[in-house]
Structures are given as C-alpha cells and as structure tokens.
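Order of the sequence lines fixes the chain letters, A, B, ..., with proteins taken first and strands second; residue numbering starts at 1 for each chain. Scope of the values below: all heavy atoms of this structure, side chains included, with no hydrogens, waters or symmetry mates.
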Amino acid sequence: MKSPAELLNNLFAEALRAAFGEAGRDVDPLIRPATDPRFGDYQSNVAMGLARTLGRRPRDIAQALIDALGVGRADARVSYLIEPPEIAGPGFINLRLRREFLEAALSSVPPAPGGAEDVDLAELPADRLGIEPVDESLRRTVVIDYSSPNVAKEMHVGHLRSTIIGDTIARVLAFEGHRVVRQNHLGDWGTQFGMVILGMWHLCKAERRGEPEDWSERRLSELAAARSAGGDALRAYLTRLRDEHQAELDRDPAGVEFAAFLRSFAPRLVRLLPAYQFVNAVESAAEDFDLTVVDRQNNKQVKFSAVSNHVVAMLQRGGSADDQERQAWQLAIRASLEACGAIYRRLCVLLTEGDVRGESFFHDMLPGIVEELRLSLPARGADEAAATGSTGEWVRAVCRDDGGAVCVFLETPDGTPRFKGPDGEPLPLIVRKSDGAYLYATTDLAAALYRMSDNRRRPIPLRSASLRAALAARDPHHGGLGGDRVLYVVGMPQKLHFEMLFATIEALGWTRAGEPAAPRVRLEHVAFGSVLGEDRKPYRARSGESVRLKDLLDEAVARARRLVEENDARRGDDAGQAPLSDAEKDAIAEAVGIGSVKYADLCQNRGSDYVFSWDKMLAMQGNTAPYLMYAHARIRSIFRKGAATCDDAPIVLEHAAERALGMRILQFGETLSAVSTTLLPNLLCDYLYELAGAFMAFYENCPVLRAPDEETRVARLRLCDLAARTLKLGLGLLGIRALQRM
RNA sequence: GCGCCCGUAGCUCAGCAGGAUAGAGCAGCGGUUUCCUAAACCGCAGGUCGCAGGUUCGAAUCCUGCCGGGCGCGCCA
C-alpha cells in the first residue's frame, strides 16, 4: 500500500511530463498536505514555480496540469483517487481524496498477524499495516553509531539522547527495508582506562589488608576532607597514600596477589566505579605535588599523579609482560557491558553485545591509518587529495608533521585553511600526538574505513600495506561492514570534529571507492542538543553530578506508579471494569515511566536543546507518551468491553471525524519516509499525536459499540482496530510499548 | 577573534527543501460525565515570528547586516 502523497506524487510527475515534455521532467510536484481543510486534503504548489521557467501564467499551467491528469475520464487512474481538482489563489491546485478511495485503501489493510501480543519490541514489527518496504533499488546498508557509553563510567543522562534517538532511527530505517548495522562505539581504550585498572589494583590491596568493602568510598571522603583542610593537610595525606602505594608495590613486585585477585574477581560496576573515582581524585589532587613512585617493574620513577597513564601505556604497548593489565581491562569491560545491557533492556533499546565495536577494536589499525594518510595526502597536493565533499565543497587535505604531531590540514583549492583556531592559525585534524599516542580522530578514521569497506561491493584501495592487513584481519570475509550510509548519533558540540573528519575521508576518496554501480557513501553527523535542567543549564542532580541513567529511570517509573495508583483509585468502579492488580500496576508504571522519558526526548526537534521536566513528560494532556498510550488503551478497551471483532468488515467514512481519522491512518507511510530522510523522530511523534487527537475526536462523536446499526458498528470497530495498530506500530518504532489497559 | 546553532503566544516548544488566515501543550477564562477509560473532550482569549534591509507573485522559512543568548575552536573524548 502506498501512501496518498506518494500516489499523488507519482501521478503528478507523469502529468508534468505529459503536459510540459522535457520541461516537466524531474520537477518535484510539490505535493503537500492542505493548509486548511477547506482546501481539501492535499495541494500541489508546482504551478507558481513553473510559471517563471515556462513563461506562462501559473493558473494556466495549473489548468494544463489538471487536464493532463485526466481526472474524471473513466480510463484515468487518477479518477478513483481524487475529486476533480480546483485551482485557487495564484495557482494552488487543491486536491480532495475520494471517499471511496479512502474506504477501499483502509479496507484493504491486511488483518494483524495472529499471535498478536509481542512482548518484546523486535527490530521488525510483525504487523506492518500493509506498508511495503522501499523498492529494492533504494535499499541501502546503513551503519549507525549510537549510544557509545564510556567503560570507565556509568551511563548517565549524557548518553540518553544518543541511545534513544539512534535506536529509533535504526528501527525506522530497518522497517523501511534497509539493512541496518548497529555499532556501539564503546569508549574502552582511553586514558581513563588506566584509572579503572589501577582502581582494581587498589581494591585487591584493600581486600588483602582486610579493609571494609566500602574502602574506596571512605578514601574518597578522606581525600575530600584533606583537600578542604588546605595545602599541608593535603600534602600529608597524599604522601601517606603514596607511601602506602609504594609499600604495596614493594611487597609484591611480581604482582602475584593481583593476578590471584583477578582470577577470582567477579567484576561489578558498583565496586569498580568508586575505585575509579578514587584514583581519578587522587591523581588530579596530586598534580600540584612533586610525588613519585617506582613503577611495577621497579625500573623507573613515575609521577604519582600519572600512574594511570603509565598503566595505559603498559596496556597499549602489548606483549605478554602486561597480561595482568589486559586481564583487568577485560574484566572491567565485562562489568560495564553487563551494566549497559541492563539499561538497554530496560529502555527497550536494541543494542546487544554483538553490536559493540569499541575503540580498542580498532587500535591496531591506527599506525596503518597514519601511514595511509602520509602516503595518500602528500604535502604537495596530489589530485587524489582533493575532492568534493558531501556538502559539495572542494576540500584538499595535506598530511604533515607539526610540532612533532602528525596533522591533516584541510584547505580549499586555493590553499586557504578550511578551519582556523583561536589565533587564526590553521586548525588541523591531529592523528598522532607528539608523544606518539593516537587520538580519537585516528580511531574514527579507522572505524569509518571499517564501516564503509566491503571486499565485493566497495573495496577501498589503500596505499598502506599494514593498514590493508589490519583491516583484513578485522573482517577477513567481508573486509568491512559495507555501509552506504554511515550515521553518527553524537551531540552537537562535536560538529567541528565531524566536519574535519568527513572532509579528510572525502579527500582520501574512500566514499567514492568501489564499483561504479555502488552508491557514493554518505557520512552524516546526526547531531542533537543537550538536556537542560529547569535552570537552563545542563541537567544535573542536586549534588551537581550528572544524573545516573539508572536513577533517572527508577524515578520515572516511581512517578508513573503514583499516577497509576491515583488514577485507579479515582476511577473506582465507575469504569465498570476490574481494578488493576498490583502486578498490572507495576507493568503499566514501567511502560509509562520509561516510555515517557523516551518520548519526551524523541518528540523534541533533535537539533535543539530541551528542558527536562517530569511534569510535562508524564502529563496526560499534550504531546506525551501517556496521552498516546491512553488513546491506545481506550481503543483496546472497546474491544474488551464489546467482546467485539470486526474481521474484514468494510470501512465506512460517513462522519467527518471518521474521515479525518481514516485519513490520518493512511498517512503513516509518508510520515515514515519523512523520518527516514530527515532523521527527525519528532516528525513521527507529531504524527502520532495528531492521530491520537483524531481518534479522540472520533471517540467523542461516533459511538462504536452503541452504533445505530450493525454495519456502522463493525465498520467503526475496524477503524478503531486500524487506529490502535497504527498507534502501536508507531510507538513500537519509537521503542515504546503500547498498553492494553492503563 | 573566528566558526556553528538558537531567538515564534505569559511559559515550554512545533512549523524553516518559500505557499493561502503562523500551530500545540501548560498557565487564564467558560463549558461537557444517567453514554465504549474525565489520565479525556469542546470553546474563548492570547503573536509587529529579535531588529533592519534584500531576493520573490508570495518570507517565520532563503541572503546580508545588527542586537541578544548558547556551544565549539591542535596534541582530552
């Protein structure tokens, strides 16, 4: 089933060619929903624009177009679709869909597949409402990078938008028939990682000394006290910690204790986190003091404020001497993934451990990436190094050393820098620090290569043999994910980074590689704004720390639970149905609470910041999850109460409210297309809100179970069924459960 | 300093590949329940779309300048 807008679009495109020949080819018919019900259902605004190019009066053009459409001719396909169009104002063509068409289109929607109530929100909903996937020729492989939590930290509000928006986009694109590859770019290789490992080491030592379980928390508050007491107290405290640290190293230079500890350690994030925070706090406090310890192998002095860096260096250097660090690292990842998995399941987010390709996954490609940049982007700009970016601008990239760091300078063809720093000097993309360490830009280049490359469809020619080998080692079979479209669901502040990254990739020519038939790769930064508190500053807990996602969700569910309780009590027996059991209340509170948090985020325009408000997201009125869920529950209630079925009864759109509801239902498909091209989930939210509003109006005006006659009754039931299924499907694509009762 | 984003009703926000009289929700005022869930529905009131120019048959939407706010800007991610 195609949506009305799509049908109109196709018919108008044909008519444009028929009426105006070449001049009408590839002209967008500009089919839009009517701005006012009096003007019909849709309108075409193409005539006014065409007036200039054709040198004719817009109303004449509109008339010619209508003649070419052939409405009213018995043999014209358009005749069953619309009433004869009217020309209005300067040349608007007003279109009114025929009632018979609407009724037939709605009646032809296949019944919901049996088995009905799917508990999980699967990637592909069982009930498609007759909506077909996009044409085979338009299907793409879409790689979507979202969520990307940091292993060293617990998930917090900062991860909410990426996780939720990314998941919805993934669901919508998959529903449209695209091959979606989710990627969770876990932050598992950064500097903070040394702190986690070091924290685990401290846990080990504390345990051996027989200290209490909350050792880390105690040390943290001791440190805070020493800090506020001033310089000398802090120095004394840090010196004590240093001595303790050194004593432990001396006691067990081979790390036998730590190795044993790791073998039996059941990693739990609740223990890891305070230990990490402790190390973090100690190191930042120690920066101002000249304290050192001898490193694990006892060969050199290490600054006490930089022990974790040293651990990172050991970890990243590789080799069997550092197995211990590697093992600790694996355990920490394990713990983090389990914590993330719990959050994802609760959020009904599709990400699994199979989608994780963290920073560490790419780390051995990094030297090859730098070599590739050096070979492909020589200082004397070769032709290959200049290309039109996806924005259509020309970019030229030059890779050279600067101050000991390896840099990519992006330039316009005449050599002026594309990006500048605060001092007005060219701002490069730095891919290797002067100390030899790699940065996230390097990892992002490696990840992008992996995501686009495909041995068969899009082999990317690489000059660096070591990079070729490293890429092949990652995915020997396919040589990469073969993405035609690579999406990065990452916050707005990183816009500059992605501009530079994409410009570099374009200059390397990776997006244009592969067989001629392969589409050019589109790289897109799906940017989003921040979550703000009522004070319009980034949303934080009262303590000033960012809010843990787990706490946020707990509170949402608790608030929803109170509402369920209140409401059930107020309703009493009035509704003539059994009160909700505790288990039902729990389930409803969970769905409503989580759904409200998600919906409040998704219904905002992705690009803008939004103010987090419990009252608004849990409100029953307005564009909220509870409102939509209520509309769905109300419909299901009709079926429950009437023990009714409607099977394949023909739809009748007699009443204006019936027609309006039917029209909305049919517009679901075109809404999805809009979401997949703009990647704006709020368009889907707006649609669902309007759909629910149309249902509410219908509900007030058109009795269903008490309909005047049986024919009307079953027709209305069928319309209700379609409305409920559309709501359920739409909510499902947002990763929100629809409820039977609430 | 440079770059990006934002400024729409008292408040929070939609609308911005230009289209007819700019929409929601909240807050305010007034209605609706012997009737399928009132966690609802309906009505009223509320706007020089930051300001000034420009392009256009037509601008909240595109361009330029200004004012106000946010974010970003080489070896963090």
Side-chain angles (χ1 to χ4, degrees), chain A residues 28 30 32 34-36 38-39 43 45 48-49 51-52 58 88-92 94 148 150 187 190-192 359 402-407 419-435 437 439-441 443-444 491-497 499 527 529-530 532 536 563-564 566-568 570-571 574-577 592 603-605 607-611 613 615-616 618-624 626-627 629-631 633-642 644 677-678 682-683 685-686 689-690 693 696-697 699-707 716 720 741-742:
Chain A
D28 185 342
L30 296 174
R32 300 281 182 271
T35 52
D36 187 302
R38 289 202 317 268
F39 303 143
Q43 63 187 51
N45 301 334
M48 286 86 78
R52 178 167 293 270
F92 299 107
N94 289 335
S148 307
N150 213 304
T191 50
Q192 81 287 352
E359 293 166 347
D402 192 90
V406 183
C407 300
F419 306 97
K420 289 182 188 169
D423 48 8
E425 292 301 302
L427 183 73
L429 186 75
I430 301 179
V431 292
R432 205 182 74 186
K433 298 204 284 184
S434 48
D435 68 2
L439 297 101
Y440 75 138
T443 308
D444 280 347
M492 204 62 104
Q494 297 208 43
K495 194 165 186 253
L496 178 63
H497 168 68
E499 279 176 17
S530 318
L532 306 177
R536 307 210 122 256
L563 291 176
V564 172
E566 268 172 36
N567 200 49
D568 197 53
R570 178 170 354 123
R571 189 154 48 214
D574 288 356
Q577 45 189 338
V592 170
C603 77
Q604 294 289 322
N605 182 305
S608 43
D609 296 348
Y610 79 94
V611 176
S613 160
D615 290 341
K616 273 180 192 151
L618 287 163
M620 264 314 296
Q621 50 279 78
N623 193 358
T624 67
Y627 179 80
M629 296 169 99
Y630 177 66
R634 254 185 158 180
I635 302 174
R636 300 312 315 167
S637 169
I638 296 173
F639 284 88
R640 237 184 352 262
K641 182 151 274 184
T677 54
T678 60
N682 67 303
L683 300 182
C685 296
D686 291 345
Y689 181 51
E690 280 161 12
M696 292 294 188
Y699 186 86
E700 297 289 328
N701 289 292
C702 305
V704 178
L705 296 177
R706 273 165 259 247
R716 286 183 176 167
C720 283
R741 292 185 65 185
M742 67 180 277

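- Atom-to-atom, OH of Y610(A) to P of U12(B) comes out at 16 Å; the value is rounded to the nearest Å.
- Of the candidates G1(B), A40(B), G72(B), G72(B) carries the atom nearest the L496(A) side chain, counting heavy atoms from C-beta on.
- With P as the reference atom, A20(B) and U61(B) are 13 Å apart, rounded to whole Å.
- In this view, N45(A) and Q43(A) satisfy the side chain to side chain donor-acceptor pair (under 3.5 Å) rule, not counting sequence neighbours.
- Taking atom P on both C29(B) and A45(B), the two are 16 Å apart, rounded to the nearest angstrom.
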With B for base contact, S for sugar-phosphate-only contact and - for none (protein heavy atoms under 4.0 Å), nucleotides 19-31 of chain B reads BBB--SSS-----
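- If you take OH of Y699(A) and C1' of U33(B), they are 11 Å apart, rounded to a whole angstrom.
- Residue H497(A) contributes atom NE2, which lies 13 Å from atom P of G74(B) at whole-angstrom precision.
- Distance noted for atom P between G50(B) and A59(B): 15 Å (whole Å).
- Comparing the P positions of C63(B) and A27(B) gives an interatomic distance of 38 Å, to the nearest angstrom.
- The C1' atoms of G46(B) and U8(B) are separated by 14 Å, rounded to the nearest whole Å.
- Base engagement by I430(A) is indicated by at least one non-hydrogen atom pair under 4.0 Å involving a base atom.
- Contact between the side-chain N/O atoms of R52(A) and the OP1/OP2 oxygens of U56(B) is not found at any separation under 4.0 Å.
- At the heavy-atom level, V704(A) lies under 4.0 Å from base atoms of the strands shown.
- Nearest-nucleotide mapping onto RNA chain B: of D568(A) and S608(A), the residue sitting toward the 5' end is S608(A).
- Residue contacts shown for Q604(A) are limited to sugar-phosphate atoms, with no base heavy atom under 4.0 Å away.
- Between U21(B) and U64(B), the distance separating the two P atoms is 28 Å to the nearest Å.
- Not counting sequence neighbours, Y627(A) has no partner by the side chain to side chain donor-acceptor pair (under 3.5 Å) test.
- L563(A) has its CG atom 15 Å from the C1' atom of A40(B), to the nearest Å.
- A donor-acceptor pair under 3.5 Å is formed between the side chain of N701(A) and the backbone N or O of A697(A).
- For the pair E425(A) CD and G1(B) P, the computed distance is 18 Å after rounding to whole Å.
- By the side chain to side chain donor-acceptor pair (under 3.5 Å) test, Q494(A) is found to be paired with no residue, residues two or more places apart in sequence or in another chain being considered.
- Looking at heavy-atom distances under 4.0 Å, C685(A) makes no contact with the nucleic acid at all.
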Given side chain to side chain contact (heavy atoms under 4.5 Å, CB included), test N682(A) with Q604(A) step by step and report yes or no. CA-CA 6 Å; N682(A) 67 303; Q604(A) 294 289 322; 5.9 Å; no
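- Panel note: side chain T443(A), backbone E359(A); no donor-acceptor pair is recorded below 3.5 Å.
- Atom OH in Y440(A) sits roughly 11 Å away from atom C1' in G74(B) (whole-Å rounding).
- Distance from the side chain of Y630(A) is smallest for A40(B) among the nucleotides U12(B), C4(B), A40(B).
- Within the 4.0 Å cut-off from OP1 or OP2 of A14(B), not a single side-chain nitrogen or oxygen of N682(A) is found.
- Between atom NZ of residue K616(A) and atom CG of residue N623(A) there is a gap of 13.0 Å, rounded to the nearest 0.5 Å.
- Among the protein residues, N150(A) comes within range of no part of the nucleic acid, since none of its heavy atoms lies under 4.0 Å from any strand.
- Not counting sequence neighbours, the partners of A633(A) by the side-chain contact (heavy atoms from CB on, under 4.5 Å) test are M742(A).
- Nucleotides C62(B) and G31(B) place their P atoms 44 Å apart, quoted to the nearest Å.
- In this structure, D609(A) atom CG and C5(B) atom P are separated by 14 Å, rounded to whole Å.
- In this structure, the side chain of R636(A) does not engage the main chain of R741(A) through any donor-acceptor pair within 3.5 Å.
- Comparing the C1' positions of G70(B) and U33(B) gives a spacing of 48 Å, expressed to the nearest Å.
- The side chain of K641(A) approaches U37(B) more closely than any other nucleotide in the set U12(B), C41(B), U37(B).
- Among residues two or more places apart in sequence or in another chain, the side-chain contact (heavy atoms from CB on, under 4.5 Å) test is passed with L563(A) by E566(A), L618(A).
- Nearest-nucleotide positions on RNA chain B for K420(A) and G187(A) put K420(A) closer to the 5' end.
- Ranking C71(B), U37(B), A14(B) by closeness to the N605(A) side chain, first place goes to A14(B).
- With the 3.5 Å cutoff on both pairing distances, Watson-Crick and G-U pairs in RNA chain B assemble into runs of at least 3 at B:1-7 with B:67-73, B:10-13 with B:23-26, B:28-32 with B:40-44, B:50-54 with B:62-66.
- Among the protein residues, P703(A) comes within range of the nucleic acid bases, having at least one heavy atom under 4.0 Å from a base atom.
- Under the side chain to side chain donor-acceptor pair (under 3.5 Å) criterion, Y699(A) pairs with no residue at all, not counting sequence neighbours.
- Taking the side-chain contact (heavy atoms from CB on, under 4.5 Å) definition, one finds that L427(A) meets it with F419(A), L496(A), M500(A), sequence neighbours left out.
- With its glycosidic angle within 90° of 0, A17(B) adopts the syn conformation.
- Across all strands, G403(A) comes closer than 4.0 Å to base atoms (heavy-atom distances).
- Contact between the side-chain N/O atoms of R536(A) and the OP1/OP2 oxygens of U12(B) is found at a separation under 4.0 Å.
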